[in-house]
Structures are given as C-alpha cells and as structure tokens.
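To start, the structure itself, in structure tokens.
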Amino acid sequence: MRTQIETGADAAEAVAHLDPPGSLTTWCGLQVLIADDSAFQRKLVTAALERTGRFDLVVGACDGNEAIGLAELLQPDVVLLDLAMPGLGGLEALPLLLAVAPRTRVIVMSGSAVAELGADALAAGARGYVEKGAETELPAVIDAVLSAA
C-alpha cells in the first residue's frame, strides 16, 4: 500500500483521513517526509522514491513548521529536509524535528554547494547532506543513511 500526500495547507488533517492512526505503524515499507518549499522539487523527489516501490508513505511539507508537525504525528523513517525555506528554514527546524521524532533520520538537501551548510547540518544532527540536482540518487542516499544507523 503506497500513499502519497501533497500538502501545503493542513498536512496533519490530510494524514488523519488515511487510516486509523495505529495502522500507520503496520506498514512494511519506508515512510518518507519531504520538506521543501518548492512543490516542483517535492514532486521530483516523490517520483524518484516511488519508482523504487519501497516506500509506503511519501508526504510533502512546504516549510519547517509543517515538517515538525508531520514528523511528530507520523514518526517517519526518513525526512528529506531542504535547508532554504521561508519562515522556519531547515537548519532551524532540524533540532526541533529531532526532538519530536528522535528515531527519524534526517537528510538535508540544498541547492547550494556551500560546504559549511552541510557541515552545520551534520553537526546539528542530520545523518546526511545532498546537493539538489538531477544526478542525485536519493534512494541510494537513503539506503546509506539507514544502513549506517
């Protein structure tokens, strides 16, 4: 059972209508939350993940606050977190996200090639850092992060 939710308004409400809350924990595939202010980027990442057939739930959040709320509700396996979002950006959201979902592994994404951003994110608790781009192989990145735990 694979489910994709694209949000921007009230993600928690959309997720609440999927199944009874207890059933979310019985899914056997990986649950991924994509936090990126670009709807286009969320769709690209979702398509790349869905092609693998290994993800039960792929949810999109448009900012850091929404990502934190969804992470607390869903306790996803992985969060792909954009660093540059309006309002609460990725670096600011990262420790808050880990506080509400401590078992979740966070991989930060950035369109910037500034090495310090990746180092700051890793120091704040991210498990990986990837630059956005057509050649990014996100399923392989997720596998590496999950196997390193």
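Along the sequence shown, residues carry numbers from 1.
- At distances below 3.5 Å, not a single donor-acceptor pair connects side-chain atoms of Glu72 with backbone N or O atoms of Ile68.
- A heavy-atom distance below 4.5 Å is found between the side chains of Asp82 and Asp37.
- Nearest heavy atoms, Glu92 versus Pro95: O-CD, 3.5 Å.
- Leu44 and Leu33 sit in two unconnected hydrophobic clusters of ILVMFWY residues. Membership requires side-chain heavy atoms under 4.5 Å apart, directly or through other members.
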side-chain contact (heavy atoms from CB on, under 4.5 Å), that's the test. Do Asp77 and Ile142 meet it? Break it down for me. CA-CA 10 Å; Asp77 297 296; Ile142 291 171; over 6 Å; no

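- Without hydrogens or angle criteria, Arg127 side chain to Ile107 main chain gives no donor-acceptor distance under 3.5 Å.
- Between Val79 and the choices Leu94, Val59, Leu97, Leu70, the side chain to side chain contact (heavy atoms under 4.5 Å, CB included) rule is met once, by Leu97.
- Interatomic distance, Phe55 CZ to Glu50 CD, rounded to the nearest 0.5 Å: 10.0 Å.
- The closest donor-acceptor contact from the side chain of Gln75 to the backbone of Ala71 lies under 3.5 Å.
- Taking the side chain as every heavy atom from C-beta outward, Leu49 and Leu80 approach each other to under 4.5 Å.
- Heavy atoms only, all atoms of each residue included: Leu81 and Gly90 are closest at CD2-O, 3.5 Å.
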Yes or no on side-chain contact (heavy atoms from CB on, under 4.5 Å) for Leu98 and Val106, after CA distance, side-chain angles and deciding distance? CA-CA 8 Å; Leu98 291 172; Val106 178; 3.7 Å; yes

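- Met85 places none of its side-chain heavy atoms less than 4.5 Å from the side chain of Ser38.
- For the pair Pro76/Val32, no side-chain contact is recorded, criterion being any heavy-atom separation below 4.5 Å from C-beta on.
- Contact of the Ile34 side chain with the Val58 side chain is registered, since non-hydrogen atoms from C-beta on lie closer than 4.5 Å.
- Residues Ala126 and Val108 share a closest heavy-atom pair of CB-CG1, 4.0 Å.
- The shortest side-chain heavy-atom distance between Met109 and Asp36 falls under the 4.5 Å cut-off.
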